[in-house]
Amino acid sequence: MPNSVNASQNFGDLAPSQWPGERLGMPRTGSGSIARVGRRVLALIIDWGYSSVIALAFFNYNSLAILIIFFVAQVVFIPTIGGSVGHRIAGLRVVSLRGGWIGVWRPFLRSLLLCLILPAIVWDSDQRAFHDKIPGTVLIVA
């Protein structure tokens, strides 16, 4: 196992990373670094905001309609423009940890988990929540 954790080593035995994304090979700051909380929250507010406006205009501000619009926007925009409208305005991008095109199933699964809320509020030391860890994605600075 080159440069990997010894199979007998426990996760708690790993030294703490010096910055979010260090273990993933991401830079500390700048382009390609892990997105921090402020930009993430800004992107979420933007995405939820336009989803709410569309629901207000066409669906009498139905809360289920807001959630569905939010979900569909995530699934459509992540594979096509690299992130949701909010992500792109906040200067962020969603990428696959394996590189290459993110595909459709990763944004679908990521968005589904994000809409469940709980997976989105449980983060690891790399500031990745379960909605990013499970599909193998990471939100980075563009």
Side-chain angles (χ1 to χ4, degrees), residues 1-56 58-59 61-142:
M1 284 191 235
N3 294 333
S4 65
V5 177
N6 183 336
S8 65
Q9 187 176 27
N10 295 323
F11 180 76
D13 295 337
L14 295 173
S17 55
Q18 294 180 6
W19 66 85
E22 178 186 23
R23 291 186 188 137
L24 302 173
M26 306 288 187
R28 182 183 299 241
T29 60
S31 182
S33 65
I34 297 286
R36 301 305 199 269
V37 177
R39 287 186 187 211
R40 291 173 187 262
V41 170
L42 174 62
L44 181 62
I45 289 169
I46 291 168
D47 290 335
W48 198 260
Y50 71 73
S51 298
S52 297
V53 169
I54 293 169
L56 177 64
F58 298 103
F59 302 103
Y61 201 65
N62 180 292
S63 58
L64 183 59
I66 296 170
L67 188 63
I68 291 170
I69 293 164
F70 177 84
F71 174 82
V72 169
Q74 297 286 313
V75 172
V76 168
F77 291 126
I78 290 173
T80 56
I81 65 171
S84 68
V85 173
H87 290 145
R88 300 310 291 172
I89 290 172
L92 303 174
R93 231 172 11 137
V94 179
V95 297
S96 169
L97 279 177
R98 295 185 177 193
W101 185 56
I102 197 163
V104 176
W105 74 269
R106 282 187 179 90
F108 182 88
L109 181 57
R110 182 184 192 277
S111 302
L112 182 64
L113 292 169
L114 180 60
C115 288
L116 293 176
I117 298 172
L118 183 61
I121 61 173
V122 179
W123 293 18
D124 67 5
S125 63
D126 289 315
Q127 294 186 359
R128 290 178 64 224
F130 287 137
H131 72 284
D132 273 324
K133 292 179 73 75
I134 292 170
T137 60
V138 63
L139 187 61
I140 63 170
V141 175

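Residue numbers count from 1 along this sequence. What's counted below: heavy atoms across the whole structure, side chains too, no hydrogens, waters or symmetry copies. Please read all numbers here as calculations on a predicted model, not as lab measurements.
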Report summary line: d(S125 OG, R23 CZ) to nearest 0.5 Å is 4.0 Å
Query - Any donor-acceptor N/O pair, R128 side chain to T137 backbone, under 3.5 Å - result: yes
Extract all donor-acceptor atom pairs below 3.5 Å that involve side chains of residues 91-109 and protein atoms in other chains or at least two apart in sequence.
unit_1 : atom_1 : unit_2 : atom_2 : d
S96    : OG     : R98    : N      : 3.2
W101   : NE1    : P79    : O      : 3.1
R106   : NE     : P135   : O      : 3.0

Requested in this report: Taking atom OH of Y50 as the centre, report whether more than 12 heavy atoms of other residues, nucleotides or ligands fall under 6.0 Å from it.
Outcome: yes
Report summary line: Heavy atoms of I78 and S111 approach each other most closely as CD1-OG, 4.5 Å
Query raised in the report: Going through the checks in order, is the side chain to side chain contact (heavy atoms under 4.5 Å, CB included) test met by E22 and R28?
Result: CA-CA 7 Å; E22 178 186 23; R28 182 183 299 241; over 6 Å; no
Query raised in the report: Say you draw a straight line from CG of D47 to CD of Q74; how long is it, rounded to the nearest 0.5 Å?
Result: 5.0 Å
Query raised in the report: Which atoms form the tightest heavy-atom contact between A90 and R39, and what is the distance?
Result: O-NH1, 3.3 Å
Query raised in the report: Going from CG on L116 to CG on L112, what distance comes out if it is rounded to the nearest 0.5 angstrom?
Result: 5.5 Å
**Report entry** Worked check of side chain to side chain contact (heavy atoms under 4.5 Å, CB included) between L24 and I34
**Finding:** CA-CA 10 Å; L24 302 173; I34 297 286; 4.2 Å; yes
Query raised in the report: If every non-hydrogen atom of I46 is compared with every non-hydrogen atom of G86, which pair is closest and at what distance?
Result: CG2-CA, 3.7 Å
Report summary line: Sorted by chain and residue number, the side chain to side chain contact (heavy atoms under 4.5 Å, CB included) partners of L44 (sequence neighbours excluded) come out as F70
**Report entry** side chain to side chain contact (heavy atoms under 4.5 Å, CB included) partners for V41, two or more places apart
**Finding:** V37, I45
Requested in this report: For I66 and A55, work out which heavy atoms get closest and say how close.
Outcome: CG1-CB, 3.4 Å
Report summary line: Here the ring pair (Phe, Tyr, Trp, His ring centres under 6.0 Å) pairs for residues 77-99, sequence neighbours left out, are none
Query raised in the report: Are K133 and D124 close enough, and set up right, to give a salt bridge (charged side-chain N to carboxylate O under 4.0 Å, His left out), and what steps lead you there?
Result: CA-CA 9 Å; K133 292 179 73 75; D124 67 5; 2.8 Å; yes
Report task. List in chain and number order the residues that pass ring-ring contact (aromatic ring centres under 6.0 Å, His included) with W123, two or more places apart in sequence or in another chain; answer none if no residue qualifies. Result -> none
Query - Separation of I68 CD1 from I54 CD1 (nearest 0.5 Å) - result: 13.0 Å
**Report entry** Closest non-hydrogen atom pair between R88 and G82, with its separation
**Finding:** CD-C, 4.2 Å
Requested in this report: Supply the atom-to-atom distance I140 CD1 to S31 OG, rounded to the nearest 0.5 angstrom.
Outcome: 6.5 Å
Requested in this report: To the nearest 0.5 angstrom, please state how far the CG atom of L114 sits from the CG atom of L67.
Outcome: 9.0 Å
**Report entry** side chain to side chain contact (heavy atoms under 4.5 Å, CB included) evaluation trace for L64 with F59
**Finding:** CA-CA 9 Å; L64 183 59; F59 302 103; over 6 Å; no
**Report entry** Closest contact, heavy atoms only, W19 versus M26
**Finding:** NE1-O, 3.0 Å
Query - salt bridge (Lys or Arg N to Asp or Glu O under 4.0 Å) pairs, two or more places apart, involving residues 108-122 - result: R110-D132
